[in-house]
Amino acid sequence: MTTPLLQVTGVSKAFGGVVANNDISLEVPEGRIIGLIGPNGSGKTTLFNSIVGFHPIDSGSISFCGDDISKKQVPEIARLGLLRTFQQTRVYGLMTCMDNMRISVPHVNEGLREMLARHRDEVAERAEELLEFVGLYSKRHLMAGDLSFGQQKLLEFAMALMNEPRLLLLDEPTAGINPTLINGLIDRLQRANETLGVTLLVIEHNMRVIMNLAEHIYCLAHGEMLADGTPSDLQNDQRVIDAYLGAH
């Protein structure tokens, strides 16, 4: 059997006496779009933070590309091609979209200024391509702070793609976005997966979005794995309906 790109095995994480994740296991095969759902406070964001190295786990293991990354720091994990976005955007509002893209270029053992000078044309070309990809090319010289919240999320997505990730963790990508932009965002996520080869693990509260986007979905509740399966499986799982979808 093929080793999953990401494998989380028996991961637990507590903050004081509060157990945020308890014995969580999941797999993300390469080239797939996998969903992660659950009520607020179910431990989804904590799990993301543990995967990318923000929170050291208390027990269990996390492997990426077959190697244990449980003890690695955030920059080490990012250099392996494992990145995440956030619920609240982290763009630099007083910089242009192009400058936000430029500073997102991965640089290892090089000063940022020297790296940009050496590869300025190449970086600019890639930045423009990705801004076109997310529909922000016409706004490339605007300050990021002047964009709408939804456009800032698209910019953050493009910034992440500048790093050429193998796996991108998206934390509620449609939250706060104008409904008219959601279909365009879904299309770009699918295209990033299909044409750029980026594997995606997506936290999403919009059930229409996640049911149409993901091939396989995991559901957390109270810090534990409640269920997993295809979108159809979860839509018909009474445990998921009771815990998350609101039926009684």
Report yes if the side chains of Phe64 and Lys72 come closer than 4.5 Å at any heavy-atom pair, otherwise no.
-> no
For His216 and Asp233, test the side chains for any donor-to-acceptor distance below 3.5 angstrom and give the result as yes or no.
no
Would you please say whether a donor-acceptor pair under 3.5 Å links the side chains of Glu215 and Thr230? no
Exercise. Find out whether Ile177 and Lys153 are in side-chain contact, i.e. whether some heavy atom of one side chain is under 4.5 Å from a heavy atom of the other.
Key: yes
* Identify whether the distance between the nearest side-chain nitrogen and carboxylate oxygen of Arg166 and Glu30 falls below 4.0 Å. => yes
On a heavy-atom basis, the closest approach of Leu136 and Leu155 is CD1-N, 3.6 Å
Q. Are Leu170 and Ile203 side-chain neighbours, meaning at least one heavy-atom pair lies under 4.5 Å?
A. no
**Message:** Using side-chain heavy atoms (C-beta onward) and a distance below 4.5 Å, is Phe157 in contact with Leu168?
**Reply:** yes
Minimal heavy-atom distance between Gly43 and Asn21, with the atoms involved, is O-ND2, 3.0 Å
| query | Is a side-chain donor or acceptor of Ser12 paired with a backbone partner of Asp23 at a separation under 3.5 angstrom? | reply | yes
Closest non-hydrogen contact found for Ala144 with Asn100 is CB-ND2, 3.6 Å
query: Are Leu201 and Phe48 side-chain neighbours, meaning at least one heavy-atom pair lies under 4.5 Å?
result: yes
Nearest heavy-atom contact between Leu181 and Gly150 is CD1-CA, 4.5 Å
Check: Would you say the side chains of Asn178 and Ser148 form a donor-acceptor pair under 3.5 Å?
Finding: no
On a heavy-atom basis, the closest approach of Val11 and Ser61 is CG2-O, 3.5 Å
Minimal heavy-atom distance between Ser232 and Asn236, with the atoms involved, is O-ND2, 2.8 Å
Side chain to side chain, Ile37 and Tyr218, heavy atoms closer than 4.5 Å: no
Could you tell me if Lys13 sits above the aromatic ring of Phe15, with its cationic atom closer than 6.0 Å to the ring centre and no more than 45 degrees from the axis? yes
Does some side-chain heavy atom of Thr96 sit less than 4.5 Å from a side-chain heavy atom of Leu142? no
_In the structure I gave you, are the side-chain heavy atoms of Met101 and Leu131 within less than 4.5 Å of one another anywhere?_
yes
Asn49 vs Thr45, side-chain contact (heavy atoms from CB on, under 4.5 Å): CA-CA, chis, key distance, verdict: CA-CA 6 Å; Asn49 285 337; Thr45 296; 3.9 Å; yes
Between the side chains of Glu76 and Arg79, is the shortest nitrogen-to-carboxylate-oxygen separation below 4.0 Å, so that they form an ion pair? no
Between Thr199 and the options Leu167, Leu6, Leu169, the side chain to side chain contact (heavy atoms under 4.5 Å, CB included) test singles out Leu167
